[in-house]
Amino acid sequence: MVKGGTENGAPLSSNCEGQTEFDLDADGSLRFYILDAYEEAFGASMGTIYLFGKVKMGDTYKSCSVVVKNIQRCVYAIPNDSVFPSHELITLEQEVKDSKLSPESFRGKLHEMASNLKNEISQQLLQLNVSSYSMALVKRNYAFERPDVPVGEQYVLKINYPFKDPPLPEDLKGESFSAVLGSNTSALELFILKRKIMGPSWLKISNFSTNSPSQRVSWCKFEVTVESPKVITVLVSEEKVVHPPAVVTAINLKTIVNEKQNISEIVSASVLCFHNAKIDVPMPGPERKRSGILSHFTVVRNPEGTGYPIGWKKEVADRNSKNGCSVLSFENSERALLNRLFLELNKLDSDVLVGHNISGFDLDVLLQRAQACKVLSSMWSKIGRLKRSSMPKLKGNTNYGSGATLGIMSCIAGRLLCDTDLCSRDLLKQVSYSLTDLSKTQLNRDRKEISPNDIPKMFQSSKTLVELIECGETDAWLSMELMFHLSVLPLTLQLTNISGNLWGKTLQGARAQRIEYYLLHTFHSKKYILPDKNSQRMKEIKSSKRRMNHGPEGHNVDELDADLALENDPSKDNKAKKGPAYAGGLVLEPKKGLYDKYVLLLDFNSLYPSIIQEYNICFTTIPRSEDGVPRLPSSQTPGILPKLMEHLVSIRKSVKLKMAKETGLKYWELDIRQQAIKLTANSMYGCLGFSNSRFYAKPLAELITLQGREILQRTVDLVQNHLNLEVIYGDTDSIMIHSGLDDIEEVKAIKTKVIQEVNKKYRCLKIDCDGIYKRMLLLRKKKYAAVKLQFKDGKTCEDIERKGVDMVRRDWSLLSKEIGDLCLSKILCGGSCEDVVEAIHSELMKIKEEMRNGKVALEKYVITKALTKSPEAYPDSKSQPHVQVALRMRQRGYKEGFNAKDTVPYIICYEQGNTSSASSAGIGERARHPDEVKSEDSRWLVDIDYYLAQQIHPVVSRLCAEIQGTSPERLAECLGLDPSKYRSRSNDATGSDPSTALLFATSDEERYKSCEPLALACPNCSAAFNCPSITSSVYASISKKSETEESDSTFWLKLQCPKCEPEGSTGRISPAMISNQVKRQIDGFVSMYYKGIMMCDDESCKHTTRIPNFRLLGDRERGTVCPNYPNCNGTLLRKYTEADLYKQLSYFCHILDTQCNLEKMDVGVRIQVEKALTKTRPAVQAAASMARSIRDRCAYGWLQLTDIAI
DNA sequence: ATGGTAGGGAGATTAT
DNA sequence: ATAATCTCCCTAC
Ligand SMILES: [Mg+2]
Ligand SMILES: [Mg+2]
């Protein structure tokens, strides 16, 4: 055994830094924890790869790189049928089995048969000037898409030769072979697969030489070279693996805009380093505080033409002495700043660079500026771990306009990049992923935002400059906190250890690549030849072939054109998004409506992964032809994919078992692992259908979804036809069953029964109960909301679940979402139909009033939409608000926040003094960024009309679509909109099912307790008395059976003044009198509303107004908005609001009602009440309908009412 | 360069 | 004018 490190002749201890040698195992081998790897894709160093990671040195770990040389290409030539005639092979193999033929002579015969093949390949290699190569006949499997490679097991010719020699052409064919595979497989991929490296782990390096500092190609503390990849193996240890801690550094740059060139220049760079971050387990805040080793540093430089503020030198000195080390330095040029920064970064020797949008902004700027300032390569390349002499192309594929290019990524080789922007998009669902918003929602921290235009000014005083520096340091800290908060490192490490790809790729969020590596490892270990990466060359060959097939000679011009059009459309496929390639999940037509009996939600667990297992769907089990969905396999022996799924399921199960016994941190750690396993299993299907995947298998994906559709349909049939239950909806893997029951125990019994019946039909598939809804509003496909029962330690609580409805979407304003939620909670609270409708109506009137009065905060008007492309890339940007806003903000110097995938906030406005253009201008022109609206000199005001008509109305209208007693017109009226525009064309014939109406009674007394009572006066004695509601007094008289009681409540039965003589007609009150008196009181409330004085309560505003004439104002009521809004926070208050009036009128309607209130009663009681009402009803009918009609006009803005009232 | 399809809804554009 | 169609965004699964 050769002792490691001595080959070079350099003694181990000769390192200059003192205690500077890494630990070796007893056998002289080196333990190396691999974190990252890199290879040059072109050039002389092909075949050499660089591994980066950690080695142990005493109690600590140090960075180390490993240069792996002499990796060989590995190509397979697929022999033609004639080379190994199958009957001969079978005979020979049988003879070997029967010991009639020795294995040696069998191999001899094989080689004899393959001699032509070998000669042909040799010829090809010689033509490429390949001087040394080896060939071997090996048995390999194939199961993928190349039509020129037979499926199944066969002997193939394996060819190894150095990477320095050129690859064999991918489309190479010969007389004795039909194809070559693997000709462009990269050295790094071969290394990872052959060494079976499953992500970051300890490797054993048994034979290496140590590179002396002068020989080094990396910036690592240590560097070794190995001459063959085979000296590296995965270390298997019995003890629990100890993952070394990582050095994690957060970087944040502050930049100014160079107006001339429209580029960013760096004025400040902050780094925050966490020297001992655990990578395999989450690190909660307290632990980080207790045991974290931190350091930080900022370097600033003054912009050209500005000096430093007076006393700045002293300020810096003070800060440094206070910290006991250099934490702040200042330079006089960007170049000096960069040099300082790169030196600091080199000292830190970071494993991970973290930052918010660091891959889309900071890194790019850093390298662009290093290049522009002519920073030496020996300096800027310290950003990574590999020494470099020339800057790669930084502007790679700018098609997306965001994310790091290949050039940038190659610069940081050896360090991992954790962009908390990208990570949070993957791990969280948020309206916005800006550092400011994430800090608030995730860390509960307020972040100070500095506009890029304000930065130059901040160099004017020490105070503001310190502020700028602290902002940079805080941003670095926030980003680091986010990374820990989201457990980014442990989660991505788990994912990487499952799949065996590079950790850096997982951090970039490349899900397809993760699955690809998992499959590569799996199929490689089972001796399969792997599908090649689709190179540009093969794509061209394929498409030209297709063209040949489609366009033979002799077509007329028209047909050729059509052909080209067809060919052209998908040929954009590398750019334009394609339509769906195959059918997906089945979505059942919902039985819309409001359900007030229990609804069961049943859902198959991991449907697609389970289907793969259940039906044994795999590359290896299913013969696939060009078109059409393949058939299910007959084979019972599980394919590779199903076995892999089974493995994932079983290890997840074991993790979950362990979890049950753990708590706290350990539980958390296991939960992350469990999640990672599930994520991997669930991603598998998506990658089968991903056309750029090496394992793209549309037929398999299609077969899986087809099975899914059939399973769902079968389940529906079973539940409906055999169990006689009502299925009201279902999506892909779920069904919702309307039980029609109020008894939870009965519902649970049904649940158990259904689950049992469904599950006994399948081997792997399992349906389960995902929830029980007490009430449910089913609006459309993928849009519903429900009161879900939650069973928490013995107790049940209720909780509103919303799916797909406008309130869960970021592209509606908070205002409409809040109103939507309010309406939803009213609808789902179980009140009677009219109560709900009335509550909604009055809520709308209230909010309308508040909006008109400027009482609604500006933030509530913000709509957020994401850019799917860089804003310039939109062909028709004019009509799109978010694109317009992004373009304008970019022009104003904002370099971050308005790129592809960023979310853009905007408010729809109108220009002050330009009311006419409010509605005529396109919506794109009227959109403004909140900052634009807020700014002092803004001429833009919130377009209240837009929000009423286009934000609130549609949202509420959709929620109320299934609610009786209201309509889009009514809702429009409440919002002060012209109802005629919202008239439904299908004349109310949309059969509203009465069975789905709200049936619950709530206390009306409670609802109307703030209203004035209805007081009637006796014409005879002039005594006034308050009237209770007709139905309640009738009900009371029936239940008490005490006719003797003399009170106001008997009035409605007798229609006589309770104070006057019971006999005779003196105290009798006629229907006309009732109607008149009610009218008079209504008029009183109306005029009270009219007299309402509008007053702005902000002293500085001094805006007082009396609404002069409603008729002149029309339905807009613009005058009630404080003209200073939104700059004035003053409120225009109305003493008696429209909502108050509405409620009052509704109360009178309620009192006089002899219809709706009855519907809430039990049938038995109702008959009695009906009987008792026979006299009363005709007497109050006129009054009741008058009150109703006035109430209904209430929402018109009182235009018609004024006519009546005057 | 960075899994899938189904589907609702807004708004602009084009066809009838 | 009104309806069909397309593009864009976001969501459910
Ligand atoms: Mg499911
Ligand atoms: Mg589901």
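Only this structure's heavy atoms are used, side chains among them; waters, hydrogens and symmetry mates stay out. Chain identifiers are assigned alphabetically (A, B, ...) following the order of the sequence lines, protein sequences preceding nucleic acid strands; residue numbering begins at 1 within each chain.
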Sub-3.5 Å pairs of nitrogen or oxygen atoms, protein against nucleotides 11-13 of chain B:
from: B/dG11; atom 1: OP2; to: A/Gln950; atom 2: NE2; distance (Å): 3.2

Interatomic distance where CG belongs to A/Asp421 and P belongs to B/dT2 [whole Å]
18 Å

Out of C/dC8, B/dT2, B/dG9, which has the shortest distance to the side chain of A/Arg780?
B/dG9

Residues two or more places apart in sequence or in another chain: which of them pass ring pair (Phe, Tyr, Trp, His ring centres under 6.0 Å) with A/Tyr773?
none

Roughly, in whole Å, what's the span from NZ in A/Lys865 to P in C/dC8?
12 Å

Output field: ring centroids A/Phe690/A/Tyr696 closer than 6.0 Å:
no

Whole Å only: how far is the CZ atom of A/Phe695 from the P atom of B/dG4?
17 Å

State which of B/dG3, C/dC9, B/dA6 makes the closest approach to the side chain of A/Cys687.
B/dG3

A/Ser683 side chain, from C-beta outward: closest of B/dG3, B/dT5, C/dT11:
B/dG3

Counting just side-chain N and O atoms, does A/Tyr518 come under 4.0 Å of either OP1 or OP2 of B/dG3?
no

Quick one: is A/Tyr784 getting a side-chain N or O under 4.0 Å of the C/dC13 phosphate, OP1 or OP2?
yes

To the side chain of A/Phe690, which of B/dG3, C/dC13, C/dC8 is closest?
B/dG3

A/Lys803 side chain near C/dC13 phosphate (N/O to OP1/OP2, under 4.0 Å):
yes

To the nearest Å, how far apart are A/Lys698 NZ and B/dG3 C1'?
16 Å

Touch class at under 4.0 angstrom, heavy-atom based, for A/Gly689 against every strand present
sugar-phosphate

Side chain of A/His882 - closest among B/dG9, C/dC8, C/dC10
C/dC8

Examine A/Lys869 relative to A/Tyr874 and say whether NZ or CZ is less than 6.0 Å from the centre of the six-membered ring and inside a 45° cone about the ring axis.
yes

Checking all strands, does A/Tyr608 fall into the base, sugar-phosphate, or nothing category for heavy-atom contacts under 4.0 angstrom?
nothing

What residues form a salt bridge (charged side-chain N to carboxylate O under 4.0 Å, His left out) with A/Glu710, not counting sequence neighbours?
none

Below the 4.0 Å mark, does C/dC10 have OP1 or OP2 next to a side-chain nitrogen or oxygen of A/Lys429?
no

When A/Glu589 and A/Thr705 are each assigned the nearest nucleotide of DNA chain B, the 5'-most assignment goes to A/Thr705

Atom NE2 of A/His953 and atom P of B/dA10 are separated, to the nearest Å, by 11 Å

To the side chain of A/Asn692, which of B/dT2, C/dC8, C/dA12 is closest?
B/dT2

What residues form a ring pair (Phe, Tyr, Trp, His ring centres under 6.0 Å) with A/Tyr608, not counting sequence neighbours?
A/Tyr685

Can you tell me which nucleotide in B/dG3, C/dC8, B/dA6 comes closest to the side chain of A/Lys782?
B/dA6

With heavy atoms under 4.0 Å as the rule, sort A/Gln508 into base, sugar-phosphate or nothing.
base

Can you name the residues that form a salt bridge (charged side-chain N to carboxylate O under 4.0 Å, His left out) with A/Arg709, not counting sequence neighbours?
none

For a quick check of understanding: with a heavy-atom distance under 4.0 Å over all strands, which category does A/Ala512 fall into, base, sugar-phosphate or nothing?
sugar-phosphate

B/dT2 C1' sits how many Å from A/Leu507 CG, rounded?
13 Å

Would you mind checking if A/Glu925 and A/Lys878 are paired as a salt bridge, meaning a charged N to carboxylate O distance below 4.0 Å?
no

Kindly write out the residues that satisfy salt bridge (charged side-chain N to carboxylate O under 4.0 Å, His left out) with A/Asp902, not counting sequence neighbours, or none if the list is empty.
A/Arg425

Closest to side chain of A/Arg809, choosing from B/dG3, B/dA10, C/dT11
C/dT11

CG of A/Leu706 versus P of B/dA6: gap in Å, rounded?
12 Å

To the nearest Å, how far apart are A/Tyr685 OH and C/dA12 C1'?
14 Å

Ignoring hydrogens and angles, state whether a donor on the side chain of A/Asp978 or A/Ser980 is under 3.5 Å from an acceptor on the partner side chain.
yes

Which of B/dA6, B/dG4, B/dG8 is nearest the side chain of A/Ala583? It is B/dA6

Can you tell me which nucleotide in C/dC13, C/dT11, C/dC10 comes closest to the side chain of A/Arg810?
C/dC10

